[in-house]
Structure formats: structure tokens, C-alpha cells
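Note that the structure is a prediction, hence the values are computed from the model and not measured.
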Amino acid sequence: MCALRVNPNGWLRTGSLDKPARLGLNRSEGLMGAKVAAAEQGTDLVHVVALLGAAVIAVPLFKRAGLGSVLGYLAAGLAIGPFGLRLFTDPQAILHVAELGVVMFLFIIGLEMQPSRLWALRREIFGLGVAQVVVCGALLTGVGMLAGFSPVVAFLAAMGFALSSTAIVAQILDERGDTSTPVGQRVVSVLLLQDLAIVPLLALVAFLAPAAPQATAGSRWIAIGVALAAIAALVAAGRWLLNPFFRILADAYAREVMTAAALLVVLGAALIMQMTGLSMALGAFLAGVLLSESTFRHQLEADIEPFRGILLGLFFLGVGMSLDLAVLARHWPLILAGVPAYMLVKSGGIYFAARLFKGSHRDGIYLATLLAQGGEFAFVLYAAAAAVGLFDATTNAVLTAIVIISMAVTPLGVFALRWLLPADEQSMDGVDVAEDLHGTVLLIGFGRFGQVASQSLLARGFEVSIIDNDTEMIRSAAPFGFKVYYGDGTRLDLLHTAGAGKAKAILVCVDKRDAADRIVALVQHEFPLAKLLVRSFDREHALKLVEAGVDLQIRETFESAMRFGEMALRELGVPDDEASETAEDIRRRDAERFALETTGGLLAGRDLLHGNVPQPVPFTKPKRQRAAEPSPLDSVEKNG
């Protein structure tokens with residue numbers, strides 16, 4: 001492909017280096033033009049390598065330090081930008097291209113906004129989430145006005161900071177294992193609402209943009225009408241055209257065409273919105289929502305994700321380059337005061353909203369600490385405001401610095417949660433504490449293992465007392481006809497009140513290995529007459545329990561895995577009786593190996609295992625052996 005450019009000397013240059021484009025150009029001038037072209041192309045390549053190298057080095061380091069990838073991109077951009085190594089002098093040129101990453105990010109967010117999901121979390125999303133954004137936005141607007149900003153600037157600064165960092169918070173939730181907990185789901189709901197809020201906020205920026213001198217009220221209404229018509233057309237196309245369009249492309253079995261079509265939908269929707277004066281992000285988001293229930297949703301997400309990740313990272317690099325250190329040096333008192341002021345006020349607003357929607361004091365502190373920072377959408381909103389003239393360069397730099405510093409100190413606040421959070425108190429509503437129980441069997445732990453184990457005992461009419469220390473589990477078991485009492489099996493006093501001294505058998509079915517070991521030690525010391533049956537977690541734990549002298553231990557996955565393997569043989573055509581014989585042989589081998597391991601350690605009895613490493617065999621078996629040993633596939637082929 002031949003690239004056409006006009007160089008500073010005014011003559012047309014092509015990508016071909018041996019044929020000058022201007023008639024009459026002498027050989028020396030042609031060689032000079034070729035050298036200039038090669039130098040320009042080399043400089044472009046240096047820029048690309050610098051961007052990739054900075055990201056590859058900085059992002060893993062920041063993630064390893066627990067600060068997240070966003071801060072890594074920002075630091076990398078600062079390092080190679082105008083105030084660092086000066087490899088780039090015009091960050092806006094990069095931001096202009098990298099805005100497509102934000103567009104694709106909003107498309108993926110739209111894909112995740114299925115109406116069914118929104119409805120299931122409607123109270124948390126549209127209740128707690130809206131309350132958090134509104135309350136924090138109002139309070140932070142007041143802070144901005146006290147700092148001397150105009151009402152419009154203070155409002156946009158506040159709304160940008162009210163949107164927390166999805167990247168940082170999601171990572172913290174995952175690392176703490178809190179994503180699926182009730183409080184974690186509340187955090188996720190708030191983040192979903194914030195992701196939704198950026199769309200109308202970007203549209204509002206376009207609406208608040210200073211009008212051209214010749215603009216009139218009539219032209220404003222015409223522009224609004226055109227924008228609404230464009231939205232309606234996009235919704236209609238998404239509802240009736242996109243699914244048939246992708247179905248036709250899927251029948252072509254061309255993966256690259258599906259990728260191109262996904263990019264066409266995203267960028268086409270963004271272009272339509274931009275041409276009508278609205279945000280490109282709004283168009284991408286609407287396209288995502290319209291495709292959220294499509295059968296092609298996961299395919300589209302997989303196709304867009306690589307482009308989204310690279311371009312969004314490029315956007316954060318551009319934001320880092322745009323950070324004006326000279327402005328920061330001049331306004332450091334405002335920044336140092338702004339960070340704690342914005343974070344503390346936002347934390348107070350979040351805590352108020354959480355308590356307003358019946359959250360506990362503990363949950364309120366957790367949400368307030370986790371969501372106190374500004375987020376990546378603040379950069380998007382501030383960049384949009386600066387592009388239309390609502391923010392000047394100084395305001396944009398100061399507010400961006402406040403957000404970046406708030407993101408950097410968030411891990412420190414999360415680390416302090418261990419001292420900030422009060423002791424976790426479970427609600428005992430509808431829960432009875434185990435007192436004076438007298439069942440023949442005491443079952444400790446009513447998770448998925450205990451629930452199944454209880455069925456055989458209850459079917460034979462045994463009186464089973466069940467205790468668990470998870471109040472949510474206790475309440476959820478009640479509608480299914482189970483009476484589960486609250487009790488911690490690792491406490492001797494609760495074992496006494498739960499009737500361990502009267503039980504003929506104690507079944508330890510808890511889902512934590514350490515807790516099971518503590519219960520075993522207590523029961524063997526205090527209730528030696530009761531049969532002790534224990535759920536083991538793996539082979540090593542089973543050996544430890546045998547050594548401890550329990551009456552029965554069983555690995556939690558052993559029987560189901562044995563049954564699974566047997567059924568797999570039958571699905572592959574092995575006759576039922578032969579599949580059963582094979583399973584029994586495996587069970588016998590496992591028992592022999594386990595017996596050897598009790599004295600010889602985990603590596604004893606390895607020869608009893610069937611491995612999949614090829615064993616060396618002769619190229620030709622002896623004739624007698626071939627005649628005496630039928631193929632193991634003979635029976636499969638006969639019955640296949």
C-alpha cells in the first residue's frame with residue numbers, strides 16, 4: 001500500500017523510495033526525500049515502541065504493588081510525556097485516537113446491562129446507586145463552589161469524582177473474596193449505576209457546551225430534535241436489524257468478518273451520535289444494551305475486548321501525559337487540600353446513602369472506604385469538558401491530579417479497614433441458638449455436603465440435630481423443611497448445648513479443613529463414646545484423620561468422581577457390567593494404595609495408579625502374547 005503525504009517542501013511524496021513523485025526531480029533530491037521519509041517512519045516506530053514499552057513495564061509493577069493497572073498507565077504516560085522523557089509533546093493527539101477505547105468500553109458495559117440483570121438488582125442499582133451519585137454529587141458541588149469554582153465547573157468536577165474507579169474496586173473485591181458476598185453485591189450494584197451515569201453526564205457536557213455566537217434558541221431545539229431522532233433510529237436498528245445482520249454473517253463462518261462487523265456496529269453507532277451533536281460513548285452504550293440479550297453477545301464481547309483494552313490503556317497513557325507538573329507545582333496547596341476534602345465528603349455521602357437503604361454500620365464503613373476515590377470515568381468526563389471549553393487547562397490538570405492521588409491512596413484505606421471495621425455481627429432474626437438438643441445424630445455444618453448426607457439418616461427416621469454458624473444458610477434452609485440451629489462446632493460450650501454428649505454419632509460436615517480438625521480434637525477428648533464421622537478434603541487430610549483415630553472419613557469428591565468415571569465409560573460404549581467391574585477395580589486399587597500410604601506416605605503405592613505417560617513396549621509383541629491378549633477395544637467395537 002502506498003502512502004501519500006505532502007512534505008514541508010511542497011512536493012508529493014509516496015511510500016515508494018526509488019521513484020520520485022515530482023516530475024523533473026533529480027536523483028540527489030530523490031535520495032534526500034527518501035531519507036526524510038525513512039526518518040519520519042523511524043520516529044513513528046519509536047513512538048509506538050515507547051508506548052508499548054512504558055505500558056508493559058509500568059502496569060505489571062503497579063499491579064504487583066497492589067495499586068492497579070490504571071495507575072500504572074497514568075504513571076507510564078507521565079514518564080514518557082512532555083514532563084518526563086519528552087518522547088511525546090502533544091498528548092491531545094493520542095487522546096483523540098484513544099477516545100475510541102472509551103467508546104468500546106461503554107459498548108461492553110452496555111452488553112452487560114441485560115434487562116433481566118438490571119431488574120434483579122433494581123433496588124440496589126436504582127435505589128442505593130442513584131442515592132449515592134445524587135448525594136455525593138450535591139455535597140461535592142458545594143465543596144467545589146467553596147473552593148472558588150463556578151457552579152457549572154463545580155458540578156462537573158463533583159459528578160466526575162462521584163464516579164468511583166471500577167477497575168480498582170473490582171480488583172480489591174476479587175482479592176478480598178468479597179465479590180459474591182451481600183456487601184460485595186451492593187458495591188457492584190453501585191458501580192453498575194455509576195457506569196450508567198457516565199452516559200447522561202457526557203450528554204450533559206455537550207448540552208452545557210458554550211453555544212456558537214450565531215446559535216439561536218430555534219437552532220438549539222432543532223439540534224435536540226435531530227439528536228432524539230438519531231437515538232430513535234439507532235434503537236429501531238438495534239431492535240430489528242442487528243440480530244438478523246449478525247445471523248447472516250455467522251452463516252458465512254468467517255471469524256474476521258464477525259470482528260469487522262462488531263467494530264462497524266460500535267464505531268457506526270458512535271459516529272451517528274457524534275454527527276448529531278451527542279457523545280460517541282452514548283451511541284456505543286445504546287448499541288451494547290440493544291445487543292445485550294442477543295445470542296451473539298459473548299462473541300461480540302470477545303471480538304471487541306482486545307481493541308477495548310489496548311485503546312483504553314492508550315487513553316490512560318494520554319491522561320498521564322496531560323498531567324501538567326508545572327500547574328501542579330503552582331497549585332499544590334489546592335490539590336493537597338482537595339484530595340482529603342473530596343474523599344472525606346464523598347465517604348460521608350456514601351455512608352449516609354448506605355444507612356438510608358438499611359445497610360448496617362459495618363456495611364456503610366466498608367462502602368465508604370472502598371468507593372471514596374475518583375475513577376477512570378472522571379478522566380473521560382473532564383477531558384470531554386475541556387474539549388468543549390467548559391474546563392480550562394489549569395482546572396483540568398488540578399482536578400485530574402486530585403483524582404489520581406485519590407486512586408493511589410485507596411489501597412491504603414482498604415488496608416486500614418481491619419481497624420476501621422467493627423466486629424462482624426450476624427443478624428439473628430429468625431435464627432434459634434442450639435440449646436438442650438437431644439438428637440441421636442449431631443450434624444455439624446449444613447452446606448452442600450451436609451445437606452446430602454442428612455437425607456439417608458432422615459429417610460430412616462433418625463432424629464438429627466443440625467447446627468451451623470452461617471445465619472444466612474440457616475434462614476435459607478427453613479423454606480425447604482429443615483430446622484437448623486445456630487452453633488459453632490469449634491466451641492466446646494456450644495457442642496454441649498447442641499447435645500453432643502447424648503448423640504450416638506457426630507457427623508462433621510463443615511467446609512473448612514482447620515475447623516474440622518479442631519472439632520475432631522474436641523469431640524475425641526470430650527465425647528469419646530460417640531461415633532465420629534468426618535468429611536475430609538483431600539487424600540492428605542484423609543490420612544491425617546485416620547491417624548487421629550476417627551471412626552470414618554470420606555473424601556468429599558471421591559464417590560462422585562468414581563461414579564462420573566464409570567458413567568463416562570458407558571457413554572463411550574463400554575458395556576455396563578464391564579464399566580462396573582472397572583470401577584470396582586479402581587476402588588480396590590485406591591483402598592490398597594490408601595492402606596500403603598498410612599505407613600509409607602503419599603508416594604507409596606504409586607504403581608497402583610493408571611497413568612497416561614506412554615510406557616515403552618516392543619515394536620512387535622510375541623505371537624503367543626498377541627494371541628492370548630484380545631484388544632481392549634474389541635468389546636467396545638462389538639457393542640458400539
Side-chain angles (χ1 to χ4, degrees), residues 59 62-63 66-75 77 95 98-99 101-103 105-106 108-109 112 125 128-130 132-137 139-140 143-144 155-174 186-202 205 281 285 308-309 312-313 315-320 322-323 338-339 342-347 349-350 353 367-386 396 398-414:
V59 172
F62 274 72
K63 292 195 72 173
L67 298 176
S69 59
V70 174
L71 286 177
Y73 283 119
L74 295 173
L95 284 173
E99 284 177 0
V102 179
V103 169
F105 190 27
L106 267 293
I108 290 179
I109 289 173
E112 296 173 352
I125 294 176
L128 176 60
V130 169
Q132 180 268 321
V133 172
V134 171
V135 171
C136 293
L139 293 175
L140 294 173
V143 172
F155 172 74
L156 291 177
M159 296 311 296
F161 200 88
L163 306 181
S164 305
S165 172
T166 301
I168 289 178
V169 174
Q171 178 183 351
I172 292 173
L173 284 176
D174 184 63
R186 302 191 87 185
V187 173
V188 171
S189 299
V190 172
L191 292 175
L192 284 174
L193 191 280
Q194 292 178 357
D195 292 344
L196 285 170
I198 187 61
V199 178
L201 286 174
L202 289 173
V205 167
F285 176 79
R308 193 276 307 177
L312 193 60
F315 175 82
F316 292 134
L317 282 169
V319 172
S322 302
L323 198 59
V339 172
Y342 268 46
M343 293 188 73
L344 290 174
V345 171
K346 182 181 179 182
S347 296
I350 295 171
L367 267 70
T369 304
L370 208 60
L371 300 172
Q373 80 290 129
E376 47 270 14
F377 279 129
F379 306 139
V380 178
L381 189 65
Y382 296 164
N396 188 22
V398 169
L399 292 175
T400 299
I402 290 175
V403 172
I404 291 173
I405 296 173
S406 73
M407 295 169 70
V409 300
T410 295
L412 301 178
V414 174

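- Taking all atoms of both residues into account, the shortest heavy-atom contact from Leu140 to Tyr342 is CD2-O, 3.5 Å.
- Closest of all the heavy-atom pairs between Ala378 and Gly160 is CB-O, 3.4 Å.
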Test side-chain contact (heavy atoms from CB on, under 4.5 Å) applied to Leu399 and Val403, step by step: CA-CA 6 Å; Leu399 292 175; Val403 172; 5.7 Å; no
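- In this structure, Met159 CE and Ile198 CD1 are separated by 9.5 Å, a value rounded to the nearest 0.5 Å.
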Step-by-step side-chain contact (heavy atoms from CB on, under 4.5 Å) determination, Cys136 to Phe161: CA-CA 9 Å; Cys136 293; Phe161 200 88; over 6 Å; no
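- Summarising the geometry of Phe62 relative to Gly72, their closest heavy-atom pair is CG-CA, 3.5 Å, with the distance given to 0.1 Å.
- Between Ser165 and Phe377, every side-chain heavy-atom pair lies at or beyond the 4.5 Å cut-off.
- Atom CE of residue Met407 and atom CG of residue Leu74 lie 6.0 Å apart, to the nearest 0.5 angstrom.
- Side-chain N or O atoms of Tyr382 include one that pairs as donor or acceptor with a backbone N or O of Ala157 at under 3.5 Å.
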Val143/Leu139 under side-chain contact (heavy atoms from CB on, under 4.5 Å): CA gap, chis, key distance, verdict: CA-CA 7 Å; Val143 172; Leu139 293 175; 5.8 Å; no
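- Across all non-hydrogen atoms, the minimal contact from Leu128 to Ala353 is CD1-O, 3.6 Å.
- Between the side chain of Ser347 and the main chain of Thr369, no donor-acceptor pair closer than 3.5 Å is present.
- Leu381 and Leu156 make their closest contact through CD2-O, 3.6 Å (heavy atoms, listed as atom of the first residue, atom of the second, distance).
- Taking CD1 from Ile405 and CE from Met343, the interatomic distance works out to 10.5 Å, rounded to the nearest 0.5 Å.
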Derivation and outcome, side-chain contact (heavy atoms from CB on, under 4.5 Å), residues Ile404 and Phe379: CA-CA 9 Å; Ile404 291 173; Phe379 306 139; 3.7 Å; yes
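- Side-chain atoms of Ser164 and Lys346 form a donor-acceptor pair, as typed in the model, at a separation below 3.5 Å.
- The two residues Leu202 and Ala384 have their closest heavy-atom pair at CD2-CB, 4.0 Å.
- Atom CD in Gln194 sits 10.5 Å away from atom CG in Leu201 (nearest 0.5 Å).
- Using a 3.5 Å distance cut-off with no hydrogens or angles, the side chains of Thr410 and Gln373 do pair a donor with an acceptor.
- Taking CD1 of Ile350 as the start and CG of Leu367 as the end, the distance is 7.0 Å to the nearest 0.5 Å.
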